[in-house]
Amino acid sequence: MRAAAPSTPPGRIRPAPGPARRTTGPTQLIAISACHNRRELTVRALERAFRSAARAGVEASAVLYDDGSTDGTADSVVREFGSRVRVLHGDGSRFWAASMAEAERSALDALGPQSDALLLWLNDDVVLDEDAIERLVEQAADGLPRVIVGAVRDPDSATTTYGGLRRAGAHPLGFSLVEPGAVATPVDAMNGNVVLLRAELARDLGGIDGHFSHALADIDYAARATRRGVPVVLAPGTFGTCPRNPPRFDRTIWQAWRAHIGIKGGAHPESARRILRRLAPYSWGFWWAASYALWWVRAGLAALRRTVS
């Protein structure tokens, strides 16, 4: 990742000069999460987050955006955690990006403009390790503005499933997963499963963009941070388990295509256009069209291989 320039253009965030400021760190943390009809997973994710925060000596609360669940998720969360979790309600049309944007806005409003509390993005299918928040808070203890990404692993194979991403290839949305090392590693983008940053920085960056259909808001967030001179770093090790969504092999090629460009797909046309205009303002149209052409080429080759085998 390119380092910040010595001079600071308007609107650019830059750490204060001088040696790193060591501190015991904030003692308050708000987790933000979004859910839809995954009651057991959601309750488990919040329970493990509170347990991990207690071990770290951090006062924790959460904001959960329940986007139209019909399985009793909201009632179960209120019954289990009471006032520690504020539940916001949607009608099922918000999906991840807009739900997380609303949860973040609510959390920052509750903290007030002067708070130096920490904000934790947490997917509701993540099971945090007991010491996860303790280790994440250590990464934020110097007080410098940065977005801290926590990698997660598969519960069975222990392979890294989500975390930090690095540019791979010419396509503006071409990224590869970065394996966490022994020290914090700069990355170009991130998955939003486990992310920690100071509330003050979240305000400065302008919040999660809820205009994305579902995916890509985390990629956009990291790109905006980087453009403003805020490092996005992958913390050492992994911080919990989260399996990858398994591929569907029973779909026809047309069903796979509709899923790919659908609301929850990674190539929803309006969302793809939105992020490519930001990442490649002069060539976005080419890359937008190329994305779909490449998908069909790969899908055709995959279908041919299945037929031959």
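- Put simply, OG1 on Thr161 and CZ on Arg244 are 6.5 Å apart, with the number rounded to the nearest 0.5 Å.
- Looking at Thr185, its side chain does come within 3.5 Å of a backbone N or O of Val183 through a donor-acceptor pair.
- With salt bridges taken as basic N to acidic carboxylate O contacts below 4.0 Å, none links Glu270 and Arg274.
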Inset, instruction - Starting from the C-alpha separation in whole Å, work towards a yes-or-no answer on salt bridge (Lys or Arg N to Asp or Glu O under 4.0 Å) for Arg39 and Asp75. - result: CA-CA 9 Å; Arg39 180 179 58 192; Asp75 291 340; over 6 Å; no
Inset, instruction - Please step through side chain to side chain donor-acceptor pair (under 3.5 Å) for the pair Arg153 and Thr238, ending with a clear verdict. - result: CA-CA 7 Å; Arg153 63 190 180 275; Thr238 59; 2.9 Å; yes
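- No single ILVMFWY cluster, assembled from side-chain heavy atoms under 4.5 Å apart, contains both Ile30 and Val85.
- Ring to ring, Trp296 and Trp254 are close: their centroids are under 6.0 angstrom apart.
- Linking ILVMFWY residues whenever their side-chain heavy atoms come closer than 4.5 Å, directly or via other members, leaves Leu41 and Leu122 in distinct clusters.
- Of the charged side-chain nitrogens involved, none lies within less than 4.0 Å of a carboxylate oxygen, so that Arg55 and Glu130 do not count as a salt-bridged pair.
- One distance of note links CG of Asp218 with CG of Asn193; it measures 7.5 Å at 0.5 Å rounding.
- Taking the charged nitrogens against the carboxylate oxygens, Asp220 and Arg224 do have a contact shorter than 4.0 Å, which makes a salt bridge.
- A side-chain donor-acceptor contact under 3.5 Å links Asp66 to the backbone of Ser69.
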Legend entry - Candidate pair Asn37 and Thr70, rule side chain to side chain contact (heavy atoms under 4.5 Å, CB included), full reasoning: CA-CA 6 Å; Asn37 283 345; Thr70 57; 3.4 Å; yes
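- Between Trp121 and Tyr221, the ring centre distance stays below 6.0 Å.
- The same ILVMFWY cluster, assembled from side-chain heavy atoms under 4.5 Å apart, contains both Leu173 and Ile261.
- More than 12 heavy atoms of other residues, nucleotides or ligands sit less than 6.0 Å from atom CZ of Arg146.
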Legend entry - Verdict with reasoning, Tyr162 to Cys242, per side chain to side chain contact (heavy atoms under 4.5 Å, CB included): CA-CA 8 Å; Tyr162 299 99; Cys242 182; 4.2 Å; yes
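- Glu102 and Arg105 are joined by a salt bridge, as a carboxylate oxygen and a charged side-chain nitrogen come within less than 4.0 angstrom of each other.
- Just one of Trp288, Trp284, Trp287 meets the ring pair (Phe, Tyr, Trp, His ring centres under 6.0 Å) condition when paired with His171; it is Trp287.
- Between the side chain of Gln255 and the backbone N or O of Thr252 there is at least one donor-acceptor pair closer than 3.5 Å.
- Below 30°, between 30° and 60°, or above 60°: for Trp295 and His260 the angle between ring planes is below 30°, a parallel geometry.
- Between atom CG of residue Leu196 and atom CG of residue Leu118 there is a gap of 5.0 Å, rounded to the nearest 0.5 Å.
- By the 4.5 Å heavy-atom criterion applied to side chains, Leu88 and Leu64 are not counted as neighbours.
- Of the possible polar contacts, none joining the Ser283 side chain to the Phe286 backbone as a donor-acceptor pair under 3.5 Å is found.
- The two residues Ala74 and Val87 have their closest heavy-atom pair at CB-CG1, 3.9 Å.
- From Arg228, atom CZ reaches atom OG1 of Thr226 across 12.0 Å, with rounding to the nearest 0.5 Å.
- For the residue pair Gln139 and Ala235, the shortest heavy atom distance occurs at CG-CB, 4.0 Å.
- No continuous path of hydrophobic side-chain contacts links Ile219 to Val195 [ILVMFWY only; heavy atoms under 4.5 Å].
- Between Val232 and Ala225 the shortest heavy-atom distance is CG2-CB, 4.1 Å.
- A salt bridge is absent between Arg94 and Asp67: the closest approach of a Lys/Arg side-chain nitrogen to an acidic carboxylate oxygen does not fall below 4.0 angstrom.
- Annotation: side chain of Thr241 is not in contact with side chain of Asp154 (no heavy-atom distance under 4.5 Å).
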Legend entry - Chi angles and distances behind the salt bridge (Lys or Arg N to Asp or Glu O under 4.0 Å) call for Glu47, Arg51: CA-CA 6 Å; Glu47 190 276 329; Arg51 189 192 305 179; 2.9 Å; yes
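- The pair Asp71-Arg38 does not meet the salt-bridge criterion, since no charged nitrogen lies less than 4.0 angstrom from a carboxylate oxygen.
- In terms of heavy-atom proximity, Ala222 sits nearest to Ala189 at CB-CA, 3.7 Å.
- Atom CZ of Arg135 sits about 8.5 Å away from atom OG of Ser52, to the nearest 0.5 Å.
- No donor-acceptor pair under 3.5 Å is formed between the side chain of Asp129 and the backbone N or O of Ala132.
- At a threshold of 4.5 Å between non-hydrogen side-chain atoms, the residues Leu111 and Gln28 count as touching.
- Between Ser176 and Arg166, the side chains place no donor N or O within less than 3.5 Å of an acceptor N or O (distance only, hydrogens not considered).
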Legend entry - Verdict with supporting geometry, Ser106 and Arg86, side chain to side chain donor-acceptor pair (under 3.5 Å): CA-CA 9 Å; Ser106 175; Arg86 181 181 182 188; 2.8 Å; yes
Inset, instruction - Evaluate side chain to side chain donor-acceptor pair (under 3.5 Å) for Ser271 paired with Ser213, printing each intermediate quantity in order. - result: CA-CA 6 Å; Ser271 292; Ser213 63; 3.0 Å; yes
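- Two residues are said to be in side-chain contact when any heavy atoms from C-beta on lie closer than 4.5 Å; Val194 and Leu120 meet this criterion.
- At a threshold of 4.5 Å between side-chain heavy atoms, the hydrophobic network of Ile, Leu, Val, Met, Phe, Trp and Tyr places Phe175 and Phe212 in one connected group.
- Among all heavy-atom pairs drawn from Asn123 and Gly192, the shortest one is OD1-O, 3.8 Å.
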Inset, instruction - Please step through side chain to side chain contact (heavy atoms under 4.5 Å, CB included) for the pair Val230 and Val147, ending with a clear verdict. - result: CA-CA 7 Å; Val230 176; Val147 178; 4.2 Å; yes
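- Smallest separation of non-hydrogen atoms from Leu177 and Gly164: CD1-O, 3.5 Å.
- Taking CG from Leu165 and CG from Asp188, the interatomic distance works out to 8.5 Å, rounded to the nearest 0.5 Å.
- Using bins of under 30°, 30° to 60° and over 60° for the plane-to-plane angle, the ring pair Trp96/His214 lands in the perpendicular bin.
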Inset, instruction - Determine, stepwise, if the pair Ile208 / Ile32 fulfils side chain to side chain contact (heavy atoms under 4.5 Å, CB included). - result: CA-CA 11 Å; Ile208 299 166; Ile32 59 173; 4.1 Å; yes
